[in-house]
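These notes are about the structure you will find just below.
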Amino acid sequence: MIDFTLNDEQRLLEQSVREWAAREVAPNIREHDRKHHFDRDRILGGMARLGLLGVSVPQEYGGAGMDYICLGLASEELEYVDTSLRVIMSVHAGLNCLTLLAWGTEDQKRRYLVPQAQGTKIAGYGLTEPGAGSDARAIQTTAIKKGDRYYLSGEKSWISLADVADNFLVIAWTDAEKKKQRDPSGLTAFIVERSSKGFSSGPMKEKWGILAGNTGFFKMDEVEVPDANVLGKPGEGFKIAMFALDQGRYTVAAGATGLIRACRDASVKYAKERKTFGVEIGQHQLVKEMIAQMESDYQSARLLWLRSGWMKNNGARNTRETGLAKWFATVASERAAGDAVQIHGANGYSDEYPVGRYFRNCKGAVIYEGTREIHKIMQADYLLGYRSDRPTRCELPPFETLKSQV
Ligand SMILES: Cc1cc2nc3c(=O)[nH]c(=O)nc-3n(C[C@H](O)[C@H](O)[C@H](O)COP(=O)(O)OP(=O)(O)OC[C@H]3O[C@@H](n4cnc5c(N)ncnc54)[C@H](O)[C@@H]3O)c2cc1C
């Protein structure tokens, strides 16, 4: 049975992240958001000190060795303050580090996972391209093999931490014939270092949400990558990209849950301060309805991500459950943010109050890591028997194994 009581370690982690984000980030977040400023040293330094950058990585590999529920709790608390913080958990701790943990060789874990978990190196995930998002098989990046090296060329766009991360998990075609046929067994995953010759990056211009975070593109012009940096086996790139999404979506689900809670708390506060027709607006039934919906959405979203975390802890395949948690929480967060602005009336339409920022920030999560539509299709396909999950060669280690590796 699932036990919903947080243990001492989980409670302590939740409390520490909550206090740190309230103390170190919340006071300046409005200004940083308005100035499109990513407060790199304070944020990454603070998260590293709290152990968040390697939260569910075994201590043997430089991490904190905490369970997957702790990863979810951290994501929820971070996005309660600002989405940009949770995005770091998604791409660095989720998409990248957990994928290295499951699929990496011992050498790759020593060279990349250890510094990433310790927070001395930051990591990202590069799948999307200008012409390929939901349709991942449409990517154009190629990796051509010469001797014991690959040469990667192509462009990845809408990449979180593109200008910040040191290492990227990059998906590219290694089989030209399979590329033509769109056969995903022609895709391979690589660990690419920013410092490589031929690598360049820049910010996504005109982005209107998650403004205190970094989102950009990177280009690879014959970037040389040794055989030793192929993650998994050649041809396993698509499976690895999807495996990574199981981890990233989990953090997105938990984060969106935090955003719903932030909307709920801001709305309750405002509904008791603002008066119309001689009473607090919280007295109006239609305002109550919006607040009640936020509570219902918050509690439901939390249960869904907790179930995924519990499954991860127990080594159970959770693609279906994590997808549902991500879909539900992100759509609910959009509803909550829209209603939070509504409850604030014209004040909600101004950055004087945080709900406008929540409204801008929530939308990204309805798009990335599987759009609302892709998740809908996935859930229907499971029910209709058009989709099922086959075992992958490498799985996320259950929590008990994480501990025993220490
Ligand atoms: C803030 C932000 C950060 C991001 N960070 C990263 C990152 O770190 N790494 C990374 O690789 N990518 C990242 N992305 C990219 C993201 O994953 C893609 O935007 C996403 O996969 C959707 O792809 P797209 O934008 O090309 O939309 P498209 O795939 O072109 O979709 C456009 C619309 O068509 C719909 N659609 C597409 N196919 C179907 C279908 N079969 N049935 C029904 N409807 C369909 C979609 O749901 C959507 O509404 C990020 C995006 C954003 C906004």
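One is the number of the first residue; the rest follow in order along the sequence. As the structure lists them, so they are numbered: ligands from 1, and atoms in each ligand from 1.
With ligand atoms numbered from 1 in the order given, ligand 1 contributes 11 (O) to contacts under 4.0 Å with heavy atoms of Leu127. Of all the atoms in ligand 1, the ones that sit under 4.0 Å from a non-hydrogen atom of Ile159 are 7 (C), 8 (O), 9 (N), 10 (C), 11 (O). Close contacts between ligand 1 and Thr371 involve ligand atoms 22 (C), 46 (C), 47 (O) [criterion: under 4.0 Å to a heavy atom]. Those atoms of ligand 1 that come under 4.0 Å of a heavy atom in Ile367, given as number and element, are 19 (O), 20 (C), 22 (C). Near Val91, meaning under 4.0 Å from one of its heavy atoms, ligand 1 places the atoms 8 (O). Counting the atoms of ligand 1 from 1 in the order shown, those under 4.0 Å from a heavy atom of Glu369 are 17 (O).
Among all non-hydrogen protein atoms, the one lying nearest atom 2 (C) of ligand 1 is Tyr368 CD2, 3.3 Å. When only non-hydrogen protein atoms are considered, atom 36 (N) of ligand 1 lies nearest to Ser134 OG, 4.6 Å. Residue, atom and distance of the protein heavy atom nearest to atom 44 (N) of ligand 1 are Glu373 CB, 3.6 Å.
Not counting sequence neighbours, the partners of Ser308 by the side chain to side chain donor-acceptor pair (under 3.5 Å) test are Thr322.
Using a 4.0 Å threshold on non-hydrogen atoms, atom 30 (O) of ligand 1 does not count as touching the protein. When distances from atom 51 (C) of ligand 1 to the protein are checked, a heavy atom turns up under 4.0 Å. Under the 4.0 angstrom criterion, atom 26 (O) of ligand 1 counts as having a protein heavy-atom contact. Protein heavy atoms are absent from the 4.0 Å sphere centred on atom 34 (O) of ligand 1.
Remark: the Thr141 side chain and the Glu129 side chain contain an N/O donor-acceptor pair separated by less than 3.5 Å.
Ring pair Tyr68/Phe399: centre-to-centre distance not below 6.0 Å.
For the pair Arg18 and Tyr80, the cation-pi test (distance below 6.0 Å, angle within 45°) is failed.
The aromatic rings of Phe199 and Phe168 lie parallel to each other, with less than 30° between the two planes, well short of the 60° mark. Ring orientation note: the planes of Trp305 and Tyr250 are nearly perpendicular, at an angle over 60° on the 30°/60° scale.
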Please list, one pair per line, the donor and acceptor atoms closer than 3.5 Å that link side chains of residues 285-293 to other protein atoms, with sequence neighbours excluded.
residue : atom : partner : partner atom : Å
Gln293  : NE2  : Asp297  : OD1          : 3.2
Gln293  : NE2  : Asp297  : OD2          : 3.4

For this session: Please assess Met220 against Val170 for the test side chain to side chain contact (heavy atoms under 4.5 Å, CB included), listing each intermediate value before the final yes or no.
Result: CA-CA 10 Å; Met220 295 169 295; Val170 173; 3.9 Å; yes
For this session: Output, in order, the C-alpha distance, side-chain angles, deciding distance and verdict of side chain to side chain contact (heavy atoms under 4.5 Å, CB included) for Asp246 and Arg317.
Result: CA-CA 9 Å; Asp246 281 354; Arg317 181 69 182 265; 4.1 Å; yes
